[in-house]
Amino acid sequence: MKNIYILLVTALILNACGNKKEISIDEIIATDDVTQINSKKLEIDAKLQLLDNDLKKLNEKLDALNKDKNTPLITTLTIKEAVFKHSIELQGNVQTKQNILVYPEMPGILKSVFVKEGDKVSKGQILATIDDGGMSQQLAQLEANAQLAKTTYERQKRLWEQKIGSEIQFLQTQTAFEAQASAVNQLKSQLSKSTIRAPFAGIIDAIFKERGTVVAPGQGAEIFRIVNLSNMYIETEVPETYIGSITEGKFVEVSFPVLGETLNSKIRQVSNYINPSNRSFKIEIDVPNLKGTIKPNLTAKLKLNDYTNENAILILQSIISENSKGEQFIYIIKDKKENNEAIAERLIIETGKTQGDFIEVIKNLTADTEIILEGARSVNNGQVVKVINK
């Protein structure tokens, strides 16, 4: 009876436990009971470990069933020859050889100014006059004397041709006439300096002296600045290492950051002198200025074509790797099958100049070779790969 009683009590306890409701995580946390919370954590950790083990078993089975799992997926590109133009970038300043200051050639008072700033003038146009100080009256007197000397000479010449008079008289009148004519020409030359003319066609950029100012030849006596904006050029210095590739006639891309303009031009002159202080030589580049917006001393950025290959082999720099010997290599594919599986083969290459993201291959790579692009850094030599080009 005692044993039956014990069994009955045990059954009642187990039944009561079986009907007990499971406590939630939030309820356990609300108890603030460290022992109970830690117990629940250990229980969950054990369940997670069991699930992780089951997941590994499933993945291993799937890997065994999936034959393509270990075959890298790649994209490829068939190499074609292309035109490759390499450029060097330099900075230069706009210049003009027709940008001068006009000075007076004789002292005097600035009598008249016939132009204003911004005026366009032609070559030889009168810009201003200087008071000649009575030189024009002297010229008139000399011209009268010269005319008298000429008349006397011509009469004496006719007499001499008729063998009338002495030779000395003839020579004296001839010398007097020539002396007077020379004096007239000399004074005319001096008088012409009182008229200031434009040395070339251009624009009056500045007027430094006002009418009535006393002027004289010398430093600081400039009256006008004349600029011709139609004959502009850019001057820059090129390192001597490019002396064999930067030559007259080479194409140049010119950009003006301030103006937001870009134009194409050519090298018109290459200096024959290398500056010993910075080991560079000067070049000049034509600049057409149809709009008139380009001004002297404006900064320009230049791209000078120093190398061109009409049949270059170009690849992306990002697919090139380097081995322990410092050799550059890429991967190509061989033995491509109908299912797009192929063999990856490492190819040692030599490269040349770069332009942007591309680099020229100068050795070992030929046209029509299929190279690996995406996935190039995750394959090995001789590995089977699968091409998934779109």
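In this chain, numbering begins with 1 at the start of the sequence shown.
By the 30° and 60° cut-offs, the orientation of the rings of Tyr307 relative to Phe84 is perpendicular.
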* Asked: When you look at Arg158 and Glu161, which way does the salt bridge (Lys or Arg N to Asp or Glu O under 4.0 Å) test go after all the steps?
  -> CA-CA 5 Å; Arg158 287 195 295 269; Glu161 290 173 349; over 6 Å; no

* Passes salt bridge (Lys or Arg N to Asp or Glu O under 4.0 Å), Glu248 versus Arg268? Steps please. -> CA-CA 6 Å; Glu248 187 176 331; Arg268 75 178 190 183; over 6 Å; no

* **Lys386/Glu341 under salt bridge (Lys or Arg N to Asp or Glu O under 4.0 Å): CA gap, chis, key distance, verdict** => CA-CA 4 Å; Lys386 188 168 186 177; Glu341 286 188 353; 5.5 Å; no

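Under 3.5 Å, the side chains of Glu235 and Asn93 contain no donor-acceptor pair of N or O atoms. Asp306 and His86 share a side-chain donor-acceptor pair at under 3.5 Å. Using modelled atom types and a 3.5 Å distance limit, the side chains of Asn389 and Thr76 yield a donor-acceptor pair. Residues Asn99 and Arg225 bring a donor and an acceptor atom of their side chains to less than 3.5 Å of each other.
Going from atom CG of Leu365 over to atom CD1 of Ile330 covers 5.0 Å, rounded to the nearest 0.5 Å.
Sorted by first and then second residue, the pairs that involve residues 168-194 and meet salt bridge (Lys or Arg N to Asp or Glu O under 4.0 Å), not counting sequence neighbours, are Glu143-Lys188.
Relative to the six-membered ring of Tyr233, Lys97 meets both conditions, a distance below 6.0 Å and an angle of at most 45° to the axis.
The residue from Asn309, Thr351, Thr354 that alone fulfils the side chain to side chain donor-acceptor pair (under 3.5 Å) condition with Glu360 is Asn309.
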